[in-house]
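Both counts, for ligands and for their atoms, begin at 1 and track the order of listing. Each residue takes its place number in the sequence, starting with 1.
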Amino acid sequence: MAAPKVAVVGAGVVGLSTALCIAETCPSCSVTVLSDQFSPNTTSDVAAGMLIPHTYAGTPIHVQKQWFKETFTYLFAISNSAEASEAGIHLVSGWQVFKNSPKEELPFWSDIVLGFRVMSKAELQKFPQHQFGHTFTTLKCDCPPYLLWLEKRLKATGVQIYTRKVTDLWELHSEYNVVVNCTGIGACQLVGDEKLFPVRGQVLKVHAPWVKNFIRDGDGLTYIYPGIREVTLGGTRERGNWSLAPDPGTTKDIFDRCCSLEPSLQGAQDIKVKVGLRPSRQHVRLQKEVLSQGGVKLPVVHNYGHGAGGFSVHRGTAKEAACLVGECIAALQDSSSGAKL
Ligand code: FAD
């Protein structure tokens with residue numbers, strides 16, 4: 001069989017990192033990324049990019065922990081390299097505070113982030129409305145620079161990148177041997193997945209360079225995440241809402257909530273409002289499927305549905321998707337050598 005041709009559909013953090021993992025694990029493959037939108041116009045561009053995992057109800061915790069660990073290890077190495085600034089990856093320390101003590105004292109990811117511990121009474125004095133908290137150091141991606149860095153890595157590895165809207169995965173069967181579906185919320189339309197739904201998130205990106213520590217209310221709704229160039233203030237979680245239009249009332253509400261956690265944000269400037277649709281599901285769809293028409297087969301690997309935690313687990317799920325692509329190629333090679341016998 002000639003060099004296997006793999007198409008990755010989607011150019012958010014999931015598509016780009018999956019394409020990179022495939023190119024790294026299968027150097028003989030010819031990899032192409034096809035997407036109707038690229039940075040800065042994807043959901044991934046809107047994200048805060050904090051490595052604090054969201055929990056997928058339908059996925060075993062040890063699997064989620066492995067995805068997070070692989071992602072943390074990968075980005076930690078970038079943060080510790082000369083590429084850190086260009087890739088937009090940095091360590092950030094801060095606090096996750098609770099009005100009431102959480103049921104589980106230790107989240108599953110507490111031994112992967114750095115220096116995780118319960119906050120002292122003295123530290124909690126910063127948050128008079130909260131009575132319990134965790135402090136730790138984690139990683140943050142400044143999302144648009146990270147996506148551009150991934151694109152640059154892909155081009156350097158020889159991956160082809162084209163703008164194209166795919167209306168049916170089958171349309172790719174004559175050009176590619178394996179197709180990888182990383183279309184995020186686009187999978188609702190592309191593959192008719194009824195288990196996938198949008199969870200609308202509105203955030204503010206502000207200039208407030210004196211804010212150096214992250215602050216996250218334990219319910220996950222209100223957060224202040226400082227990046228290299230701007231601070232992300234959040235947020236909202238609106239299940240089933242497809243609107244990408246910013247809502248001015250919500251902007252004021254987010255700003256007020258964040259100022260009540262960090263009063264110095266009253267002086268924030270250059271406030272930009274962004275909206276994104278989290279591609280949400282009970283569990284990430286990370287799965288092989290063989291499409292077939294008239295005896296012709298097209299192996300597909302799905303990797304979408306990362307909801308509120310795509311940045312936190314992207315490298316782990318990309319590695320698993322690349323492994324599934326490897327299995328598809330091995331099966332194709334077996335069947336083509338069998339056909340020659
Ligand atoms: P996307 O970024 O949406 O990419 C999908 C790609 O597929 C796009 O390029 C699109 O153009 C392409 N596409 C779709 N359909 C087609 C088609 N038919 N043909 C061709 N191309 C197609 N996660 C974290 O881990 N930490 C955070 O702090 C965090 N904060 C967030 C804050 C907000 C406000 C939001 C909205 C999300 C946040 N997330 C966070 C979640 C994270 O953004 C998502 O999980 C992640 O971006 C999903 O990435 P994706 O590549 O699957 O989707």
Side-chain angles (χ1 to χ4, degrees), residues 7-19 33-54 56 64 67-68 71-72 75 92 109 138-144 146-147 150-151 161-169 171-172 179-193 196 198-205 214 216 220-221 223-225 227 232-238 241 244 246 250 254 273-281 284-286 302-318 321:
V8 177
V9 187
V13 70
V14 173
L16 297 178
S17 56
T18 301
V33 173
L34 305 171
S35 189
D36 60 348
Q37 297 291 342
F38 290 85
S39 181
N41 300 317
T42 70
T43 304
S44 299
D45 287 278
V46 175
M50 277 294 278
L51 266 71
I52 300 180
H54 152 88
Y56 301 100
Q64 302 185 47
W67 291 343
F68 180 56
T71 308
F72 195 93
L75 294 181
V92 58
W109 41 266
T138 188
L139 288 149
K140 182 180 177 315
C141 307
D142 275 14
C143 303
Y146 182 54
L147 296 173
L150 285 171
E151 279 184 32
I161 301 184
Y162 298 113
T163 302
R164 171 165 167 184
K165 182 169 173 82
V166 177
T167 48
D168 183 340
L169 292 175
E171 78 190 47
L172 302 173
V179 170
V180 189
N181 174 16
C182 302
T183 53
I185 198 65
C188 277
Q189 203 179 2
L190 183 60
V191 294
D193 184 342
L196 182 67
V199 175
R200 181 182 182 277
Q202 181 165 323
V203 287
L204 317 182
K205 307 267 177 176
F214 76 80
R216 178 180 198 263
L221 204 58
Y223 50 81
I224 299 162
Y225 291 150
T232 304
L233 310 184
T236 65
R237 274 200 222 120
E238 300 157 73
N241 185 340
L244 283 169
T250 305
I254 292 171
V273 187
K274 305 268 176 188
V275 178
L277 304 177
R278 300 176 182 92
S280 301
R281 243 175 153 265
V284 178
R285 187 172 183 201
L286 197 38
H302 298 285
N303 185 13
Y304 66 83
H306 295 67
F311 276 86
S312 304
V313 296
H314 70 277
R315 180 73 188 185
T317 58

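- Using bins of under 30°, 30° to 60° and over 60° for the plane-to-plane angle, the ring pair Tyr225/Tyr223 lands in the parallel bin.
- Ser280 places a side-chain N or O within donor-acceptor distance of the main-chain N or O of Arg278, the cut-off being under 3.5 Å.
- Inter-residue side-chain proximity for Gln64 and Val313 is flagged as unmet; no heavy-atom pair is nearer than 4.5 Å.
- Between His306 and Thr43 the shortest side-chain heavy-atom distance does not fall below 4.5 Å.
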I'd like a table of the close N/O pairs between ligand 1 and the protein (anything under 3.5 Å), one pair per line with both atom names and the distance.
unit_1   : atom_1 : unit_2 : atom_2 : d
ligand 1 : 2 (O)  : Ser44  : N      : 2.9
ligand 1 : 2 (O)  : Ser44  : OG     : 2.5
ligand 1 : 3 (O)  : Thr43  : OG1    : 3.0
ligand 1 : 9 (O)  : Ala11  : N      : 3.0
ligand 1 : 9 (O)  : Ser35  : OG     : 2.9
ligand 1 : 9 (O)  : Gln37  : O      : 2.9
ligand 1 : 11 (O) : Ser35  : OG     : 3.4
ligand 1 : 11 (O) : Asp36  : OD1    : 2.5
ligand 1 : 11 (O) : Gln37  : N      : 3.1
ligand 1 : 13 (N) : Asp36  : OD1    : 3.4
ligand 1 : 18 (N) : Val166 : O      : 2.8
ligand 1 : 19 (N) : Val166 : N      : 2.9
ligand 1 : 21 (N) : Asp36  : N      : 3.1
ligand 1 : 21 (N) : Asp36  : OD1    : 3.2
ligand 1 : 23 (N) : Ala308 : O      : 3.0
ligand 1 : 25 (O) : Gly309 : O      : 3.4
ligand 1 : 25 (O) : Phe311 : N      : 3.0
ligand 1 : 25 (O) : Ser312 : N      : 2.8
ligand 1 : 25 (O) : Ser312 : OG     : 2.9
ligand 1 : 26 (N) : Met50  : O      : 2.9
ligand 1 : 28 (O) : Gly49  : N      : 3.1
ligand 1 : 28 (O) : Met50  : N      : 2.9
ligand 1 : 30 (N) : Ala48  : N      : 3.2
ligand 1 : 45 (O) : Gly307 : O      : 2.7
ligand 1 : 45 (O) : Gly310 : N      : 2.9
ligand 1 : 47 (O) : Ser44  : OG     : 2.8
ligand 1 : 49 (O) : Ser44  : OG     : 3.2
ligand 1 : 51 (O) : Val13  : N      : 3.3
ligand 1 : 51 (O) : Val14  : N      : 3.1

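- Pairs passing the salt bridge (Lys or Arg N to Asp or Glu O under 4.0 Å) check and including a residue from residues 305-315, sequence neighbours excluded, read Glu24-Arg315.
- Between His314 and the choices Phe68, Trp67, Tyr146, the ring-ring contact (aromatic ring centres under 6.0 Å, His included) rule is met once, by Tyr146.
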